[in-house]
Amino acid sequence: MEAAVAEMVTPGEVIGKTSDIKAGRGTYAAVHNNTVYASLTGFRHTIPPASDSPDQRPTIEVTGHKAHGPVPEPGSVVIARVTKVMAKTASVDIMCVGQKSVREKFTGIIRQQDVRATEIDKVDMHLSFRPGDIVKAIVLSLGNARAYFLSTAKNELGVVSAESTAGATLVPISWTEMQCPLSGQIEQRKVAKVAS
């Protein structure tokens, strides 16, 4: 039975086990230990299952203690700015979830195996992304406690906007190359196929 006063929770706080409850908005289920955690600071709410539902576990949601913007969740398409590129990962700051801009800071990581769908072992992170690039990606999972795991392994995902060393906006010329309109120099990227 839920108390009259909603319980305040913080990110990473254990909400319960997946055998007893379902993860709703503002929470996530960790597969490795079958535990549901809060993904934001706010109030915990229990939503009873529909009486005709075969799954009779209640859904737990956490709603923000202040009005907050959209929160990335698995399956969300996000727009992010690359902040750092390393040998096996690229770090990004998530700017938009779907069509809505975020109000809080969310960090994402694109791992080498999530850059593209083919020849995964041959991916060179430095030839896929550069700091400052704007990428379109899909959220795979909450990842670790610090960042969401993102993927660009679809044709329509990848770099959507980038600046050349000359300061001009690069023009995509293939799946893997963008060209500077000023210098003509070609730079390597994991280019997103823009819907025509």
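- The shortest side-chain heavy-atom distance between Cys96 and Ser101 falls under the 4.5 Å cut-off.
- Under the 4.5 Å side-chain heavy-atom criterion for grouping Ile, Leu, Val, Met, Phe, Trp and Tyr, Val77 is not connected to Met95 through any hydrophobic cluster.
- Across Gly12 and Tyr37, no two heavy atoms sit closer than the pair O-CD2, 3.2 Å.
- Membership of an apolar cluster is not assigned to Met86, as no side-chain contact below 4.5 Å to another ILVMFWY residue is traced.
- From Glu7, atom CD reaches atom NE2 of His45 across 11.0 Å, with rounding to the nearest 0.5 Å.
- By the rule that hydrophobic residues join a cluster once side-chain heavy atoms approach within less than 4.5 Å of another member, Val123 and Ile110 end up as members of one cluster.
- Clustering of Ile, Leu, Val, Met, Phe, Trp and Tyr side chains at separations under 4.5 Å leaves Val31 isolated, with no partner residue.
- Taking a 6.0 Å sphere around NZ of Lys22, one finds it holds more than 12 heavy atoms contributed by other residues, nucleotides or ligands.
- Partners of Ala87 according to the side chain to side chain contact (heavy atoms under 4.5 Å, CB included) rule, which considers only residues two or more places apart in sequence or in another chain, do not exist here.
- Connectivity analysis of hydrophobic side chains (ILVMFWY, heavy atoms under 4.5 Å, direct or indirect) links Phe149 to Ile109, Leu140.
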Assess whether side-chain contact (heavy atoms from CB on, under 4.5 Å) is satisfied between Trp175 and Val191, documenting all intermediate values.
CA-CA 5 Å; Trp175 298 107; Val191 182; 5.5 Å; no
Can you check side chain to side chain donor-acceptor pair (under 3.5 Å) on Glu13 and Thr10, steps first, answer last?
CA-CA 6 Å; Glu13 197 168 317; Thr10 55; 3.2 Å; yes
Would Ile94 and Thr107 count as a side-chain contact (heavy atoms from CB on, under 4.5 Å) if you check the C-alpha gap in whole Å, the side-chain angles of each, and the deciding distance to 0.1 Å?
CA-CA 6 Å; Ile94 297 171; Thr107 306; over 6 Å; no
Quick one, Arg81 with Asp133, criterion side-chain contact (heavy atoms from CB on, under 4.5 Å). Give me CA distance, side-chain angles, the key distance, then yes/no.
CA-CA 6 Å; Arg81 178 182 283 116; Asp133 287 359; over 6 Å; no
Quick one: side chains of residues 114-122, donor-acceptor pairs under 3.5 Å with protein atoms, not counting sequence neighbours, listed by atom name and distance.
{"unit_1": "Asp114", "atom_1": "OD2", "unit_2": "Arg111", "atom_2": "NE", "d": "2.9"}
{"unit_1": "Asp114", "atom_1": "OD2", "unit_2": "Arg111", "atom_2": "NH2", "d": "3.0"}
{"unit_1": "Arg116", "atom_1": "NE", "unit_2": "Thr118", "atom_2": "O", "d": "2.9"}
{"unit_1": "Arg116", "atom_1": "NH2", "unit_2": "Glu119", "atom_2": "O", "d": "3.2"}

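- Pro70 approaches Val102 most closely through the heavy-atom pair O-CG1, 3.7 Å.
- Checked against salt bridge (charged side-chain N to carboxylate O under 4.0 Å, His left out), Arg57 has the following partners two or more places apart in sequence or in another chain: Asp55.
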For residues 156-174, run the donor-acceptor check on the side chains, cut-off 3.5 Å, and write out each pair with its distance to 0.1 Å, sequence neighbours left out.
{"unit_1": "Ser164", "atom_1": "OG", "unit_2": "Ala166", "atom_2": "N", "d": "3.2"}
{"unit_1": "Ser164", "atom_1": "OG", "unit_2": "Gly167", "atom_2": "N", "d": "3.4"}
{"unit_1": "Ser164", "atom_1": "OG", "unit_2": "Ala168", "atom_2": "N", "d": "3.2"}
{"unit_1": "Ser164", "atom_1": "OG", "unit_2": "Ala168", "atom_2": "O", "d": "3.4"}
{"unit_1": "Ser174", "atom_1": "OG", "unit_2": "Thr176", "atom_2": "N", "d": "3.2"}
{"unit_1": "Ser174", "atom_1": "OG", "unit_2": "Glu177", "atom_2": "N", "d": "3.1"}

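- Closest non-hydrogen pair, Gln56 versus Ser53, comes out as NE2-O, 2.7 Å.
- Heavy atoms only, all atoms of each residue included: Asp124 and Ser128 are closest at O-OG, 2.9 Å.
- For Gln99, there are no side chain to side chain contact (heavy atoms under 4.5 Å, CB included) partners, not counting sequence neighbours.
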Test side-chain contact (heavy atoms from CB on, under 4.5 Å) on Phe106 and Val139 and set out the steps.
CA-CA 12 Å; Phe106 295 108; Val139 178; over 6 Å; no
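- When the side chain to side chain donor-acceptor pair (under 3.5 Å) test is applied to Tyr28, no partner is found at least two apart in sequence or on another chain.
- Legend: residues meeting salt bridge (charged side-chain N to carboxylate O under 4.0 Å, His left out) with Glu187, ordered by chain and number and at least two apart, are Arg130, Arg189.
- Under the side chain to side chain contact (heavy atoms under 4.5 Å, CB included) criterion, Pro48 pairs with no residue, sequence neighbours left out.
- Interatomic distance, Ile15 CD1 to Ile21 CD1, rounded to the nearest 0.5 Å: 6.5 Å.
- With rounding to the nearest 0.5 angstrom, the CD1 atom of Ile60 is 12.5 Å from the OG1 atom of Thr18.
- The hydrophobic clustering, which links ILVMFWY residues whose side-chain heavy atoms are closer than 4.5 Å, places Val78 and Leu40 together.
- Every side chain to side chain contact (heavy atoms under 4.5 Å, CB included) that Asp20 has, sequence neighbours left out, goes to Lys17.
- At a threshold of 4.5 Å between non-hydrogen side-chain atoms, the residues Val135 and Val82 count as touching.
- No side-chain heavy atom of Pro131 sits under 4.5 Å from any side-chain heavy atom of Thr83.
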